[in-house]
Every structure is written in C-alpha cells, then in structure tokens.
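Encoded as structure tokens, the structure appears first; notes follow it.
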Amino acid sequence: MTTLAEVIDVLERAYPPRLAESWDSIGLVCGDPAESVDSVLCCVDVTEEVVDRAIAAGVTLIVAHHPLLLRGVDTVGVHTSKGRLVHRLIRGGCALYTAHTNADSANPGVSDALADLLGLTALRPLDPKPAVAMDKWAVFVPTADAQTVREAMFEAGAGRIGDYSHCCWSTAGTGQFLPGTSADPAVGSIGEVTRVVEDRIEMVAHRAVRNDVLAALRAAHPYEQPAFDLVEMAAANSDEGLGRVGELTEAMTLAEFTHLVSRSLPAAPVGVRAAGDPQQMVRTVAVCGGAGDSLLDTARGSGADVYVTGDLRHHPVDEHLRAGPPALIDAGHWATEFPWCAQVSRLLEATLPGLSTDVFGEPTDPWTIHAQRGS
C-alpha cells in the first residue's frame with residue numbers, strides 16, 4: 001500500500017517546496033496523508049473536466065501544476081466555482097496536490113520537459129537560483145572522541161550534500177598545546193607542552209544552521225577550548241532555476257524551428273507564432289514553460305538565438321525585437337507546460353511501483369477557438 005504521505009515525499013524531493021516563489025500556493029490542497037493512494041491523474045489545470053475524469057475513474061490523487069486556490073481565497077463553499085470542485089474531490093475520496101513554481105525551478109522540472117521535447121542538449125538554467133549559502137567546518141579533536149563530535153555535528157545539520165547525509169572527510173595528525181596558568185585542560189598539565197593524536201574532521205553545512213552546529217561542536221568536544229576553522233564558501237549558481245538554455249544538434253532557420261515546435265508540442269487552439277526573421281539561423285535555444293515575458297532580458301543575455309515560451313504580449317515583444325535577438329516563439333501557456341505532466345507520471349511510476357498514473361491530455365487552455373481570416 002502506498003500512502004498519500006509517501007507520494008508527497010517523492011514529489012517534494014523532486015520539486016522542493018523551498019524553490020517556490022513567495023507569492024505561490026503549493027502542496028496538499030485536500031486529502032489525508034495517512035490514506036492510501038493507488039491511482040494518480042496528472043494535469044496542468046484543475047478544471048471541471050479533470051475532476052469529472054478523476055471521480056469517474058476512481059482516481060485517488062490529482063497532481064496539478066497550477067494551483068486551484070491561489071490568491072484572495074477565503075472560502076471553499078459550494079457557492080463558489082472552485083469550492084464546488086474541492087467538495088466534489090473530498091466527497092469522491094480524491095486528494096489534490098499542487099507543484100507550481102517549485103516545479104518550474106526544479107531540475108528536472110517544467111522547462112526540462114519542454115526542452116527535451118524540442119531535442120535540446122547541454123541544458124543549463126536560464127535564470128539560475130543562487131546556491132544555498134554554505135560553511136565549511138574543520139575541527140581538531142582527539143581521535144578517541146572524533147566519532148562523538150562527528151555525530152553531534154551531523155545531528156545539528158552538518159554534513160548534508162543533496163540527498164546524502166553524514167558526509168565528512170577525516171585525517172589523523174598530532175596536535176600540540178601548552179596550557180596556561182588559568183586553563184583547565186582535559187588532557188595534559190598546566191605549564192607542560194602536550195601532544196595528542198587528533199583527527200581533523202571536515203564537513204560542510206548550510207550557513208543557516210551555523211549556530212546549531214557550533215553549539216553541538218562545543219558540547220561534544222572534550223577540550224575546554226576546541227580548535228576549529230570556519231570558512232564561508234564562495235557563492236555559486238545552482239543547477240536549479242527558471243527556464244533552460246540548450247543546443248540543437250543541427251542549426252536550422254527560425255521558420256524551420258517554429259514548425260518543429262509546432263510538431264513537437266501538443267496541439268492547442270492558441271497555436272504557435274514566431275517573431276523575427278524567418279531565415280535567421282537558430283542553434284542555441286532558451287525555453288521557459290508558461291508565461292515567460294518577465295525573462296525577455298535574461299533570454300537576451302543568455303546568448304540564445306530564439307526564446308520559446310508562452311503568453312507573450314504585443315508591446316513587450318515589439319520593444320524586445322527593436323533591441324535585437326533572440327527571436328521569439330509564443331507556443332502558449334498550457335502547451336509549454338503540459339510536457340511536465342508526463343515527467344511527473346514517469347517519476348511516480350518509477351519510484352512507487354504498483355502506483356497507476358495517467359495524464360489528462362485534453363487541452364485545459366482557456367482559449368478554445370482559433371479562427372483564421374476567411375475561415
């Protein structure tokens with residue numbers, strides 16, 4: 001049996017909540033973490049049709065990209081359209097979980113799924129998140145007490161690198177000190193040079209837990225004055241962040257690439273449109289699933305030949321093109337985020353064997369008609 005809590009753990013490892021923007025609303029909307037989950041429906045938007053499908057099929061969890069409840073929500077009464085959906089889900093025994101901007105910035109995440117469909121390689125974040133601020137600790141401790149100090153620092157949060165814990169490096173050597181007249185040495189005597197076989201223990205820790213690690217070190221260390229080095233590590237960008245930049249295996253014209261985008265992404269009434277010289281050659285491509293006009297300047301600075309995203313508006317596009325490349329392709333909000341649904345489905349089936357997953361493939365884009373002149 002797989003519990004909802006176990007599914008959430010998998011999702012939050014893949015799409016860490018810490019990556020969500022401050023204004024966002026992510027996580028469990030309804031459902032009991034202790035109850036079992038046997039089937040999952042993945043979607044971009046929680047619409048009436050999605051809920052209909054889930055309840056009719058006996059689905060026990062919907063994983064959505066867009067939050068059903070985001071801004072200004074103070075009721076989920078059945079007199080509201082979204083409240084009715086929440087009540088239907090609860091009555092139907094179907095939980096709802098949302099991964100939004102945390103999935104946008106995760107690696108792999110929404111933009112990785114889009115980049116993969118377009119055949120891009122050598123991916124890097126378009127707008128990388130800064131790496132978590134880290135400290136490096138080096139502690140000198142008698143060999144006999146080294147394990148006690150290690151464990152205390154681990155317990156305080158040190159020694160964690162990604163999905164690994166208890167990470168450290170140690171080497172043996174000889175420590176030396178001369179206790180002064182007011183000292184109270186745990187080893188040796190006042191006025192005599194003392195030499196002790198010691199370990200040098202090195203490990204990293206998030207800067208946020210510095211005080212906890214220091215307190216644990218002091219409490220576990222046998223010396224009156226523990227010797228240690230504390231170094232703030234240089235900041236670097238992480239491999240997480242919004243958008244991706246990658247390379248096509250072969251260069252092609254903007255017109256050819258626009259048609260490739262149209263063939264690769266799911267069809268939606270909003271269609272695919274490009275802005276730029278149709279004969280411009282394209283090799284380096286920036287992408288951002290969803291609404292990406294806030295990253296137009298970032299795309300220009302990335303060195304990309306073309307930027308693929310959704311929800312582009314007339315004036316920002318006009319101003320952007322006046323300043324030069326990259327060319328722009330608007331492939332729609334839903335279509336550029338939909339590939340993520342398959343990513344979530346594969347993740348859950350690979351991690352939780354026996355769990356059945358499905359993807360709601362019909363467009364949930366609010367645009368439903370595309371009328372061309374003369375049609």
Side-chain angles (χ1 to χ4, degrees), residues 5-6 9-19 102 105-109 122-125 128-241 347 350-351:
E6 291 173 318
D9 182 64
V10 171
L11 291 170
E12 294 191 347
R13 285 177 179 271
Y15 312 114
R18 62 179 171 78
L19 295 177
N102 51 325
S105 285
N107 185 4
L123 299 181
R124 64 184 189 275
K129 293 276 189 183
V132 176
M134 301 290 287
D135 289 333
K136 183 176 181 181
W137 294 82
V139 184
F140 303 86
V141 58
T143 299
D145 300 285
Q147 188 58 26
T148 299
V149 173
R150 284 191 199 94
E151 291 299 328
M153 295 176 70
F154 292 152
E155 185 67 24
R160 296 175 185 172
I161 304 174
D163 288 334
Y164 295 85
S165 64
H166 294 72
C167 303
C168 70
W169 186 85
S170 302
T171 187
T174 302
Q176 175 179 301
F177 51 85
L178 174 64
T181 56
S182 61
D184 183 19
V187 178
S189 302
I190 292 173
E192 296 181 3
V193 173
T194 303
R195 294 179 179 86
V196 181
V197 176
E198 294 181 338
D199 282 2
R200 174 189 170 100
I201 304 169
E202 296 186 33
M203 62 181 72
V204 296
H206 291 176
R207 202 165 297 164
V209 298
R210 177 184 292 177
N211 290 338
D212 294 337
V213 174
L214 179 58
L217 185 166
R218 291 189 183 279
H221 204 290
Y223 288 173
E224 180 184 20
Q225 296 288 336
F228 61 89
D229 298 333
L230 173 59
V231 179
E232 292 188 353
M233 299 176 68
N237 287 330
S238 70
D239 60 358
E240 301 167 327
L347 167 72
T351 312

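None of these values were measured; they are calculated from a predicted model. When reading the values below, keep in mind they use all heavy atoms of this one structure, side chains included, and skip hydrogens, waters and symmetry mates.
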Test log, rule side chain to side chain contact (heavy atoms under 4.5 Å, CB included), inputs L347 and Y15: CA-CA 11 Å; L347 167 72; Y15 312 114; 4.1 Å; yes
Which is it for R210 and L230 under the side chain to side chain contact (heavy atoms under 4.5 Å, CB included) test, yes or no, and what are the steps along the way? CA-CA 9 Å; R210 177 184 292 177; L230 173 59; 3.7 Å; yes
Passes side chain to side chain contact (heavy atoms under 4.5 Å, CB included), E232 versus D135? Steps please. CA-CA 5 Å; E232 292 188 353; D135 289 333; 3.7 Å; yes
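Contact between V209 and A156 at its shortest, heavy atoms only, is CB-O, 3.9 Å. Taking each heavy atom of E198 and G175 in turn, the nearest pair found is OE1-CA, 3.5 Å. Pairing each heavy atom of A220 with each of A152, the nearest pair is CB-CB, 3.6 Å. The heavy-atom pair separating A205 from V213 by the smallest distance is CB-CG2, 4.3 Å. Minimum heavy-atom separation, M203 to C167: CB-O, 3.5 Å. Closest non-hydrogen pair, A186 versus P222, comes out as CB-O, 3.2 Å.
Counting non-hydrogen atoms of neighbouring residues, nucleotides and ligands closer than 6.0 angstrom, the CZ atom of R207 exceeds 12 such neighbours.
For the atom pair CG of N107 and CZ of R124, the computed distance is 13.5 Å after rounding to the nearest 0.5 Å. The distance from the CD atom of E224 to the CZ atom of F177 is 10.5 Å, given to the nearest 0.5 Å. Note: W169 CH2 to K136 NZ = 8.5 Å, rounded to the nearest 0.5 Å. F140 CZ to D199 CG: the interatomic distance, rounded to the nearest 0.5 Å, is 11.0 Å. Note that CE of M153 is 12.0 Å distant from CG of D212, once rounded to the nearest 0.5 Å. To the nearest 0.5 Å, atoms CZ (R195) and OG1 (T174) are separated by 9.0 Å.
In terms of modelled atom types and a separation under 3.5 Å, the side chain of S238 and the main chain of K129 share a donor-acceptor contact. Side chain of H221 to backbone of Y223: a donor-acceptor contact under 3.5 angstrom is found.
By the side chain to side chain donor-acceptor pair (under 3.5 Å) test, E155 pairs with no residue at all, sequence neighbours left out. Residues that satisfy the ring-ring contact (aromatic ring centres under 6.0 Å, His included) test with H166, not counting sequence neighbours, are F154.
R150 and S170 form a side-chain donor-acceptor contact under 3.5 Å, judged by distance and modelled atom types alone.
The side-chain heavy atoms of D163 and R13, taken from C-beta on, include a pair separated by under 4.5 Å. Side-chain atoms of P185 and I190, non-hydrogen and from C-beta on, do get closer than 4.5 Å to each other.
Applying the side-chain contact (heavy atoms from CB on, under 4.5 Å) test between W137 and each of D229, V231, L217 identifies L217 as the sole match.
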